[in-house]
Amino acid sequence: MHNQIITVLKNTGLEILTSVKHILAEAKLNVVIVPHENPDGDAIGSAIGLAEILANFGHRVNIVTPNDYPEFLKWFASKVNIINYDIDKKAGKSAFKDADILIIVDFNEASRAGKLGKKLLEFSKIKILIDHHPYPTNFCDFMISEPEYSSTAELIFDIINKIGLEKHITQNAAEALYTGILTDTGAFNHNTSRPNTFKVVSELMKFGIDTEKIQSGVYHNFSANRMKLLGYCLNEKMVVYPEYRAAVITISKEELKQFDFKSGDTEGFVNYPLSIKNIVFSVLFIEKENLVKASFRSKGNFPTNKFAKEHFNGGGHLNASGGESKLSLKATSEKFTQLLPEFKHLLLDTKI
Ligand code: 5GP
Ligand code: MN
């Protein structure tokens, strides 16, 4: 019979879970939860979901984000205080000062918290990491790092059950965790080969979550300008290299301005070229104030994280990574095309 799925955390020993259980279940604490810089749906969904559950149990919880996050993630119903460190350093510092415990969600090294990175390293009380990115830096007292998981949100659901806090899950918490799974799988398009992902989703459904409301909140909430920017990028800015099975889109600051760019507008653009038959590697370069932000996506076994780490000072998952370049947009794009021959064999050998 295969109707029983036993969830095993591959990297996390029982002693870690037992310690975390004791820490979180024995006293009322001041907890600060930190997602990564430029938080995405999984970072924010994980932070809010976990915060709700811990607050329901009786902890005093603050979320401190390194910077702002997109409008399409601001529809959550949550009682938890969210401090944007970029805007309110005083409140952020005070939350850190009062904290008994830090919980780091959805990232694997302190530098991914941007301006908060130093504060994370300096924090001298208990630090717990909950994450699904490969190759974590060992900077927390308790590292729960499980790269097999689709999302940190899916992992949080399992941990909450393993440490006996499941009776504090509410609809609001479940909706936040569901959003993390939804967005990190590209609406169940990738990273969905493990039965556990759907098992967790079905468990979350039992809390009465409104999946259509979430779908609308996340994916049907764009401005007309964002849709026009997408059309412009695909029509005029996408360059396809069929001989390398790759495609690249570059967007300048000027072009963003033309379409009245708002934070989050370019989210998901990098995925579109992967819908072209035979394309396995897609890249998006966006010109920011002092650097060019790079996003990498792939299909099959082409390692975007290796590419990002070696050439664009970044990292991430096998199929989804990010990085940056200090060169101009034009020079960055030229650097990329010059790298393609080096990766030709790997790209042509990629099985999809
Ligand atoms: P995105 O392209 O959506 O910004 O990021 C995709 C993935 O790569 C995410 O899992 C994100 O955490 C990771 N990532 C994005 N930018 C960076 C970066 O500069 N450094 C590292 N190590 N990972 C990144
Ligand atoms: Mn994630």
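In what follows, every heavy atom counts, from backbone to side chain, and hydrogens, waters and symmetry copies are set aside. Order of appearance sets the numbers: ligands from 1, and atoms from 1 within every ligand.
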Exercise. Is Lys293 in contact with ligand 1, taking contact as a heavy-atom separation below 4.0 Å?
Worked result: yes
For this session: Could you say whether the N/O atoms of His36 and ligand 1 ever approach to under 3.5 Å?
Result: no
Exercise. Should the proximity of His133 to ligand 1, defined as any heavy atom under 4.0 Å, be assigned to the side chain, the backbone, both, or neither?
Worked result: side chain
Exercise. Looking only at distance, does Asp40 have an N or O less than 3.5 Å from an N or O of ligand 1?
Worked result: no
Exercise. Between Phe72 and Phe222, what is the ring plane arrangement, given parallel below 30°, perpendicular above 60°, and tilted in between?
Worked result: perpendicular
For this session: Write out the residue and atom name of the closest protein heavy atom to atom 19 (O) of ligand 1, then the distance separating them to 0.1 Å.
Result: Gly323 CA, 3.8 Å
Exercise. Non-hydrogen atoms of Glu324 versus ligand 1: any pair closer than 4.0 Å?
Worked result: no
Exercise. Is Lys213 atom NZ crowded by more than 12 heavy atoms from other residues, nucleotides or ligands, each under 6.0 Å away?
Worked result: yes
For this session: Please confirm whether Arg297 comes within less than 3.5 Å of ligand 1 when only nitrogen or oxygen atoms on both sides are compared.
Result: yes
Problem set entry | Candidates Asp184, Thr185, Asp40 - the one meeting side chain to side chain contact (heavy atoms under 4.5 Å, CB included) with Ser151 | Asp184
Exercise. By atom name, which N, O or S atom belonging to Asp106 lies closest to the Mn ion (ligand 2)?
Worked result: OD1
Exercise. Distance-only, no hydrogens or angles: does the Ser202 side chain make a donor-acceptor pair with backbone N or O of Lys199 under 3.5 Å?
Worked result: yes
For this session: Inspect the surroundings of NZ in Lys335 and state if more than 12 heavy atoms from other residues, nucleotides or ligands are less than 6.0 Å away.
Result: yes
Problem set entry | Which residue and heavy atom of the protein sit nearest atom 15 (C) of ligand 1, plus the separation | Gly322 CA, 3.4 Å
Problem set entry | Vertex the Mn ion (ligand 2), arms to Asp184 OD2 and His132 NE2, rounded to 10° | 90°
Exercise. Closest N/O/S atom of Asp42 to the Mn ion (ligand 2), by atom name?
Worked result: OD2
Exercise. Charged N to carboxylate O below 4.0 Å: is that the case for Lys262 and Glu71?
Worked result: no
For this session: Give me the ring orientation class for Phe312 and Phe296: parallel if the planes are under 30° apart, tilted from 30 to 60°, perpendicular past 60°.
Result: tilted
For this session: Identify whether the distance between the nearest side-chain nitrogen and carboxylate oxygen of Glu37 and Arg112 falls below 4.0 Å.
Result: no
For this session: Decide if the gap between the ring center of Phe307 and the ring center of Phe281 is smaller than 6.0 angstrom.
Result: yes
Seminar exercise, completed: Honestly, for Lys309 the part within reach of ligand 1 (heavy atoms, under 4.0 Å) is neither
Exercise. Is there any N or O on Asp106 that sits under 3.5 Å from an N or O of ligand 1?
Worked result: no
Problem set entry | N or O pair under 3.5 Å between Gly315 and ligand 1 | yes
